[in-house]
Protein chains: 2
Amino acid sequence: MPRPLRADAARNRELLLQAAREVFARRGLDVTLDEIARHAGVGVGTAYRRFANKEALVEALFEDQLDRMVHFATSSLHRVDTWDGFVGMVTAFSEQMAADRGLREVVFRNYGRDDRMAQIRERFVPAMEAVVRRAQDAGVLRPDAAPTDLPIIEMMLGVVDVFAEPVRSGLYPRYLTLILDGLRARPGLTPLPVPALTHDEFDRLTLIPPPPGL
Amino acid sequence: MPRPLRADAARNRELLLQAAREVFARRGLDVTLDEIARHAGVGVGTAYRRFANKEALVEALFEDQLDRMVHFATSSLHRVDTWDGFVGMVTAFSEQMAADRGLREVVFRNYGRDDRMAQIRERFVPAMEAVVRRAQDAGVLRPDAAPTDLPIIEMMLGVVDVFAEPVRSGLYPRYLTLILDGLRARPGLTPLPVPALTHDEFDRLTLIPPPPGL
DNA sequence: TAACAACCGGAGACTTCTTCTCCGCTTAGT
DNA sequence: ACTAAGCGGAGAAGAAGTCTCCGGTTGTTA
């Protein structure tokens, strides 16, 4: 059992976590620990004394955030209007992801690849599947949509936001709306010409070395 | 007037251009000249003797490719079915972009920022505008779509392809279809909640330092 | 309030990656 | 056969990131 930190050390630890939250959210996971330390107002040495490396810091930060994402999915199942439930989940996902570039990178690059996060991911999949199936059973979601379309869509929206952010923040809802209009079941839709990624394909993607450039 | 290259030098120049075409297309503009030289089967020294730097090589390669993109836009105006014309242009763009990661990066990072490419870009904008307006006047494209939506959509599709490529190439048409279904004028569409980027905003985006991560 | 273990800052050692140069050897062209 | 043009690729130079080390400071305990 590690004995408690001295008061100044504990305070610095909190400063670092807070700084990391902000810097990761704005600039992604590729920032240096040096930079986080500077933003926290402590020395690099202090940062490395508290967290063995950047990965440890990421883990400490994103566990509960991923948890919250799963919660969005399951709770959307209880909405009375099925389409609203679906839209609500996708919108909530997008809001989280848009607000936090680090979160996007954790989700799509599976940063850390450790067990705890893997467990969370395992609860993700059934949740998304349930929401998609419910919406399709109700006839409001186009029948050829698939659960893995959702993370792909989140990725697309995330990129729009990274790209547009320097001149306009909050552009992504425009494209979210567009895509939701394309997802809604309607007469006269064009059948989707390629099958969606299987869950297995998707998992493999997040586990392989990050494709340079998100 | 530079005097003609010796035969072996001219041949190596072609080898380098060909290698660059392939490597840029597959891996993007961030590959090193060393890598291109290796792929061409010549020494690095040779590469740097022929092209002052990577930028010169990029310029030599992408001028006519951009030209072809503009051509897609203008020729789509002559299709009898307006919606087919619109879809044809967007599809042609996507095919080009999906097949060539380097091209995507030239378009969105304005690599080089030189005059010749700027001129081409200037012809791009009116062409896209014309196609969008024609489709909206005919009532087949949703009225709240805008010309700058098209490059944004291309960017989204490009990212899907970069991401999915390691386990599945050619996934993007699925999402292209989805988005086109969302772009088509229909009763019951949700109004797009945020204005599109203006041309000016878009230009500024491509001119500022590349947002790290495409 | 003295004493010391814990902690701090940040210079810089190390590593990795990319760009580009230099020079001894080879070859095309006359 | 001679020589200017060209070749290859080791490695210099620089940029960027990770992490260590240590002289000086501070919280804590007695």
Side-chain angles (χ1 to χ4, degrees), chain A residues 1-20 23-24 26-61 101-102 105 109 111-112 209-214, chain B residues 1-20 23-24 26-61 101-102 105 109 111-112 209-214:
Chain A
M1 197 88 269
R3 63 173 172 53
L5 294 173
R6 224 170 70 174
D8 52 349
R11 181 171 38 80
N12 280 341
R13 197 191 127 94
E14 285 314 308
L15 284 175
L16 281 165
L17 282 171
Q18 182 53 33
V23 176
F24 281 149
R26 187 159 4 99
R27 318 245 308 271
L29 301 179
D30 285 343
V31 294
T32 67
L33 254 200
D34 293 49
E35 211 158 346
I36 291 172
R38 201 176 332 123
H39 191 257
V42 307
V44 217
T46 306
Y48 279 96
R49 204 171 309 110
R50 245 5 101 216
F51 302 96
N53 47 45
K54 202 166 54 183
E55 199 166 314
L57 191 49
V58 169
E59 249 174 52
L61 275 176
R101 179 164 171 189
E105 295 182 5
R109 307 203 318 210
Y111 201 93
L214 189 66
Chain B
M1 196 88 269
R3 63 177 172 54
L5 293 172
R6 224 170 69 173
D8 52 348
R11 180 171 39 79
N12 280 341
R13 198 191 127 94
E14 285 313 309
L15 284 175
L16 281 165
L17 282 171
Q18 181 54 32
V23 176
F24 281 150
R26 187 157 9 96
R27 318 246 307 270
L29 301 179
D30 285 342
V31 294
T32 66
L33 253 201
D34 293 50
E35 212 159 343
I36 292 171
R38 200 177 331 123
H39 191 256
V42 308
V44 216
T46 307
Y48 279 96
R49 204 171 309 108
R50 248 1 104 217
F51 302 95
N53 48 45
K54 201 165 56 181
E55 199 166 314
L57 191 49
V58 169
E59 248 173 53
L61 275 176
R101 179 165 169 186
E105 295 182 5
R109 307 204 318 210
Y111 203 92
L214 189 65

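Below, read A as the first sequence line, B as the second, and so on, with proteins coming before strands; counting in each chain starts at 1. Basis for what follows: all heavy atoms, side chains included, without hydrogens, waters or symmetry-related copies.
- Nearest approach of A:Arg101 to A:Arg26, heavy atoms of both residues: CD-O, 4.3 Å.
- To the nearest 0.5 Å, the span separating NZ on B:Lys54 from CG on B:Asp30 amounts to 5.5 Å.
- For B:Arg6, counting side-chain heavy atoms from C-beta on, the closest listed nucleotide (C:dC8, D:dG6, D:dT28) is D:dG6.
- Across the protein-nucleic acid pair, A:Asp8 atom CG and D:dT28 atom P stand 7 Å apart, rounded to whole Å.
- Distance, B:Leu5 CG to C:dG29 C1': 14 Å, rounded to whole Å.
- One atom, CD of A:Glu35, and another, P of C:dG10, lie 16 Å apart when rounded to the nearest Å.
- Side-chain N or O atoms of B:Asp8 include none that pairs as donor or acceptor with a backbone N or O of B:Arg11 at under 3.5 Å.
- Across the protein-nucleic acid pair, B:Leu57 atom CG and C:dT18 atom P stand 17 Å apart, rounded to whole Å.
- Following rounding to the nearest Å, B:Leu33 (CG) and D:dG8 (P) show an atom-to-atom distance of 14 Å.
- If you check every strand for non-hydrogen atoms under 4.0 Å, B:Asp34 touches a base.
- Remark: of the listed residues A:Asn12, A:Leu57, A:Leu5, A:Leu5 is the sole one forming a side-chain contact (heavy atoms from CB on, under 4.5 Å) with A:Arg50.
- You'll find the side chain of A:Leu17 reaches within 4.5 Å of the side chain of A:Leu61, heavy atoms only.
- Taking 4.0 angstrom as the limit, A:Asn12 places a side-chain polar atom (N or O) nearer than this to OP1 or OP2 of C:dC8.
- A:Leu15 places its CG atom 13 Å from the C1' atom of C:dC8, with the value rounded to the nearest Å.
- A:Phe51 is not listed as a side-chain neighbour of A:Glu59, based on a closest heavy-atom distance of 4.5 Å or more.
- If B:Arg11 and B:Ala52 are placed on DNA chain C by their nearest nucleotide, the residue sitting closer to the 5' end is B:Ala52.
- Within a heavy-atom distance below 4.0 Å of DNA chain C, the residues of residues 36-51 of chain B found are B:Val44, B:Tyr48.
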